[in-house]
Protein chains: 4
Amino acid sequence: MAASTAPLPRTRDADKSQQAILQAAMEEFAQHGHAGARIDRIAEQAGVNKRLIYYYFGNKDDLFLAVLERTYADIRAAEQALHLDAMDPVEAVRQLVSFTWHYYLDHPEFITLLNSENLHQAVHLKQSARIQEMNSPLVQLLADVLERGRREGLFRDGIDPIQLYISIASICYFYLSNNPTLSVIFGRDLRAPKALAQRLSHITELVLGYVLR
Amino acid sequence: MAASTAPLPRTRDADKSQQAILQAAMEEFAQHGHAGARIDRIAEQAGVNKRLIYYYFGNKDDLFLAVLERTYADIRAAEQALHLDAMDPVEAVRQLVSFTWHYYLDHPEFITLLNSENLHQAVHLKQSARIQEMNSPLVQLLADVLERGRREGLFRDGIDPIQLYISIASICYFYLSNNPTLSVIFGRDLRAPKALAQRLSHITELVLGYVLR
Amino acid sequence: MAASTAPLPRTRDADKSQQAILQAAMEEFAQHGHAGARIDRIAEQAGVNKRLIYYYFGNKDDLFLAVLERTYADIRAAEQALHLDAMDPVEAVRQLVSFTWHYYLDHPEFITLLNSENLHQAVHLKQSARIQEMNSPLVQLLADVLERGRREGLFRDGIDPIQLYISIASICYFYLSNNPTLSVIFGRDLRAPKALAQRLSHITELVLGYVLR
Amino acid sequence: MAASTAPLPRTRDADKSQQAILQAAMEEFAQHGHAGARIDRIAEQAGVNKRLIYYYFGNKDDLFLAVLERTYADIRAAEQALHLDAMDPVEAVRQLVSFTWHYYLDHPEFITLLNSENLHQAVHLKQSARIQEMNSPLVQLLADVLERGRREGLFRDGIDPIQLYISIASICYFYLSNNPTLSVIFGRDLRAPKALAQRLSHITELVLGYVLR
DNA sequence: TATGAATGAGAATTCATTCAT
DNA sequence: AATGAATGAATTCTCATTCAT
């Protein structure tokens with residue numbers, strides 16, 4: 001029945017294999033970094049022949065780039081769902097912080113992939129027109145929120161939205177990225193649920209404490 | 001006395017060899033991460049026989065740990081020189097932010113080494129009693145500063161010094177750590193002198209904006 | 001049928017490659033022992049890329065085990081061809097001795113491989129369910145022969161077949177295994193054809209002298 | 001007091017170091033064979049600097065030879081204590097078997113060192129005039145015993161003492177040398193005290209069963 | 001007599017990638 | 001679209017041995 005409806009099965013399998021490779025590669029690169037990742041493990045995890053990876057993705061670097069592209073596409077898609085313009089300024093800031101925090105928390109691969117790419121001076125990213133075209137809506141949304149807050153007399157003047165956006169990302173990202181070493185240094189489990197809740201509370205306070213006049 | 005002045009231009013200097021290896025290893029691990037680092041390159045850079053690395057440091061992991069230990073020892077030593085207790089609270093916060101920022105800026109290896117260690121879930125760090133004993137004085141100093149500021153009616157109440165310390169580290173670290181990808185995404189050079197100055201200005205403002213009532 | 005005759009001079013023959021590796025490994029391990037064997041030489045002798053050895057056999061130890069398994073399989077196969085039950089008891093004992101002697105004489109690799117494995121306390125053998133399942137038929141055959149001889153009044157009573165089997169193996173094995181040192185100590189070539197013939201004659205006499213009442 | 005009696009201390013230390021090296025080397029070569037032995041471990045075990053091994057023994061092969069020489073010297077010394085000429089022939093044979101068995105049992109290093117040397121076609125032994133001059137008295141003693149037994153009408157005629165000597169060595173040596181593999185193959189611990197006693201009983205019976213008419 | 005420092009040659013093993021079908 | 005076979009170039013690590021004192 002499926003066969004009679006369309007000439008798709010072949011294509012579907014191909015797509016399925018590619019998706020399986022991409023997913024496995026994302027996990028492998030996320031867990032071991034670019035240099036530590038193994039093509040063999042990706043093939044095994046994806047359940048495909050190793051040769052197929054080269055067939056579809058060329059080589060390890062191109063595969064890494066494909067993973068990066070998908071990673072950025074994913075976060076951009078998630079960002080699209082965030083409608084800060086419909087909220088009052090304070091709530092919008094809260095939501096932005098919360099979204100950023102939870103996105104990183106739920107997508108640890110995002111952090112390790114970016115770290116790996118930064119270790120390599122963003123060589124892959126620089127090659128990708130696709131990613132560079134995927135503009136994050138958040139900076140503009142944040143700029144609007146800040147302007148609205150300023151006009152309402154709630155927020156302070158002269159806040160640079162890019163700087164603030166980076167700062168919000170920072171205080172979410174770093175805590176999660178460096179959690180293992182911080183946990184050892186401070187001698188406590190900074191990934192415990194309670195610690196995570198306290199962290200979100202602090203960063204929200206920090207950001208609001210700064211923007212509110 | 002004659003004995004102590006004599007052997008200057010010797011090659012058979014164990015300590016010198018070890019330091020050369022350690023320095024070369026720090027650079028190699030910082031530049032390529034743990035998995036990407038090459039023992040061969042370290043030997044070449046250190047100007048010693050590859051075998052000597054194993055003679056003194058055992059294996060790649062132990063060498064990496066030795067590098068981590070030195071890295072932490074270095075920052076702890078720098079932190080010791082910071083006398084926040086002699087300053088008024090606002091100035092102390094400024095100095096802490098400035099110190100943190102400049103330390104990371106001047107020691108890019110600190111960032112990449114920590115990232116590499118975090119990718120590996122701090123496995124090496126967990127083994128090192130030495131590092132765990134090197135307590136940073138900054139958290140306590142910051143706690144004192146916050147308390148003084150609070151008593152003087154300058155600072156807000158209920159600030160957790162550990163959270164704030166991590167946040168200060170975050171906003172300094174992330175900007176530098178993720179500079180390559182951020183620069184591509186935002187389409188401008190975030191390491192340009194002017195951009196760096198603006199960043200320091202922003203983070204100082206952000207932190208003071210939060211702590212001041 | 002055409003299909004089966006076609007691909008003769010192919011190099012891409014997995015089984016052929018594996019057999020070539022196994023054969024070369026057997027010779028290398030037999031000649032140099034486990035520790036003295038070199039993977040490089042095995043690859044060269046087998047005419048394959050060194051990497052292929054790891055592809056098929058995992059590592060040196062696993063390869064050694066594969067060689068051991070084949071070695072035991074070979075001797076078990078040879079033992080199967082020995083039909084002691086069809087002979088009169090005295091002839092059967094003669095044949096068993098002769099078979100054992102000639103098998104060791106014709107398969108010097110059996111001796112050195114076993115010596116190597118014994119030096120390592122049989123660590124590889126202990127892992128191999130396969131070898132442990134390959135029961136030698138000889139002990140049971142010998143037990144039957146001894147029982148027949150006893151009933152016919154030819155052989156003495158109370159001979160333990162396992163002990164006798166080990167003794168027969170001993171007097172064949174040791175002479176060949178320790179031939180180099182014995183030759184030096186006794187100052188004559190114990191591998192000369194005449195010496196070998198005398199040895200077989202002696203051991204046959206020794207065993208028969210013991211079993212016959 | 002010791003210092004005043006002679007100028008020996010220095011020499012004694014030297015001798016002590018040499019003996020420590022030799023002892024450690026014997027254990028190392030016995031446990032790992034020639035190829036598997038490590039100079040580093042020998043130095044560590046002997047508690048001396050690695051360089052000293054080269055100072056006293058030249059190189060690994062020469063050290064191995066020195067170990068072999070001591071090993072042969074030891075067994076020759078033990079053999080000297082065996083006075084078969086004072087016993088009646090049957091008792092003398094029993095004693096020879098028992099001595100051989102217990103010597104191998106108590107000196108496992110003898111077995112593994114000889115196996116290692118035989119793997120190498122006795123290359124070291126061939127170089128050693130010393131060892132070749134250390135004639136074992138046992139063959140001659142056995143010849144005398146056999147002759148006495150024959151004259152007393154107890155022993156059979158025409159027994160070659162060298163062959164019998166080798167056979168006695170065989171049945172003792174092989175059981176112990178190949179104990180690990182035999183234990184696995186037979187599925188029982190052939191080094192258990194009871195198994196050892198049974199073995200000695202069997203080999204005594206076997207030899208006497210042969211020599212007695 | 002003794003030793004810590006140093007090394008060249010080699011050892012097992014790994015890895016991304018290509019071949020042949 | 002897919003795969004098992006095969007490989008060259010590393011890569012970490014080892015080892016007997018020598019250097020310099």
Side-chain angles (χ1 to χ4, degrees), chain A residues 9-18 35-43 48-61 63, chain B residues 6-7 10-18 35-43 47-63, chain C residues 7 10-18 35-43 47-61 63, chain D residues 9-18 35-43 48-61 63:
Chain A
R10 262 222 153 86
T11 311
R12 271 204 186 120
D13 277 7
D15 193 58
K16 199 177 134 200
S17 291
Q18 287 185 57
R38 296 291 168 257
I39 298 287
D40 271 301
R41 283 196 297 245
I42 294 171
V48 305
N49 185 280
K50 189 171 33 161
R51 188 65 189 76
L52 207 57
I53 294 176
Y54 291 91
Y55 184 71
Y56 283 125
F57 294 94
N59 61 29
K60 192 183 184 183
D61 278 290
L63 178 58
Chain B
R10 60 190 166 180
T11 304
R12 301 177 73 79
D13 183 326
D15 194 58
K16 198 176 141 199
S17 295
Q18 287 181 56
R38 293 293 169 257
I39 297 287
D40 271 306
R41 283 196 297 245
I42 294 171
V48 304
N49 184 284
K50 187 176 25 166
R51 181 65 187 77
L52 208 57
I53 294 175
Y54 293 93
Y55 182 62
Y56 283 123
F57 293 94
N59 59 33
K60 193 181 182 181
D61 278 290
D62 289 349
L63 178 58
Chain C
R10 61 192 163 179
T11 303
R12 301 177 76 79
D13 181 328
D15 194 58
K16 197 177 140 198
S17 295
Q18 287 181 56
R38 294 293 169 257
I39 297 286
D40 270 306
R41 283 195 297 245
I42 293 172
V48 304
N49 184 285
K50 189 174 25 164
R51 182 65 187 77
L52 208 58
I53 294 176
Y54 292 92
Y55 182 62
Y56 284 123
F57 294 94
N59 60 32
K60 193 181 181 181
D61 278 290
L63 178 58
Chain D
R10 262 222 153 87
T11 311
R12 272 206 186 119
D13 277 7
D15 193 59
K16 199 175 134 199
S17 292
Q18 286 185 55
R38 295 294 168 254
I39 297 288
D40 271 301
R41 283 196 297 244
I42 293 171
V48 304
N49 184 280
K50 188 171 34 161
R51 187 65 189 74
L52 207 57
I53 294 177
Y54 291 92
Y55 184 72
Y56 283 126
F57 293 94
N59 61 29
K60 193 183 184 183
D61 279 289
L63 178 58

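Letters A, B, ... are given to chains in the order of the sequence lines, protein chains preceding strands, and every chain is numbered from 1.
Using a 4.0 Å cut-off, some side-chain N or O of C:S17 falls inside it from OP1 or OP2 of F:dA6. Residue B:R38 has a polar side-chain atom (N or O) positioned under 4.0 Å from OP1 or OP2 of F:dT11.
No side-chain heavy atom of A:Y55 sits under 4.5 Å from any side-chain heavy atom of A:N49.
When rounded to the nearest whole Å, the span between CG of B:D61 and C1' of F:dT12 equals 11 Å. Whole-Å rounding puts the C:I39 CD1 to F:dT12 C1' distance at 16 Å. For the pair A:Q18 CD and F:dA1 P, the interatomic distance rounds to 9 Å; values are reported in whole Å. Summarising the geometry, the separation between CG on B:D13 and P on F:dA20 is reported as 15 Å, rounded to the nearest angstrom. Straight-line distance from the NZ atom of B:K16 to the C1' atom of E:dA5: 13 Å, rounded to whole Å. Per the geometry, CG belonging to C:D40 stands 17 Å off P belonging to F:dT14, to the nearest Å.
The base of E:dT17 has none of its N or O atoms less than 3.5 Å from a complementary donor or acceptor on the side chain of A:K60. One N or O donor and one acceptor, one from the side chain of C:K50 and one from the base of E:dT13, sit under 3.5 Å apart.
Shortest non-hydrogen contact noted between A:I39 and A:Y54 is CG1-OH, 3.7 Å. Smallest separation of non-hydrogen atoms from D:F57 and D:L63: CG-CD1, 3.6 Å.
Where D:R51 and B:A35 meet DNA chain F, the nucleotide closest to each residue was compared, and B:A35 sits on the side nearer the 5' end. Mapped onto DNA chain F by nearest heavy atom, A:N49 and B:A37 fall at different nucleotides, with A:N49 at the one closer to the 5' end.
Rounding to the nearest 0.5 Å gives a distance of 13.0 Å between CD1 of D:I42 and CG of D:L52. Interatomic distance, B:D62 CG to B:I53 CD1, rounded to the nearest 0.5 Å: 13.0 Å.
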For DNA chain E, the dot-bracket pattern of Watson-Crick and G-U pairs whose distances stay under 3.5 Å, | for other-strand partners:
.||||||||||||||||||||
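The side-chain contact (heavy atoms from CB on, under 4.5 Å) search around C:D40 returns C:K50, not counting sequence neighbours. Taking D:R51 as the reference, nothing meets the side-chain hydrogen bond (donor to acceptor under 3.5 Å, both in side chains) condition, with sequence neighbours excluded. With sequence neighbours excluded, the residues that form a side-chain contact (heavy atoms from CB on, under 4.5 Å) with D:A35 are C:A35. Residues satisfying the side-chain contact (heavy atoms from CB on, under 4.5 Å) test with A:A37, not counting sequence neighbours, are A:E28, A:F29, A:K60.
The stretch residues 52-59 of chain A touches DNA chain E through A:Y54, A:N59, each having a heavy atom within less than 4.0 Å of the strand.
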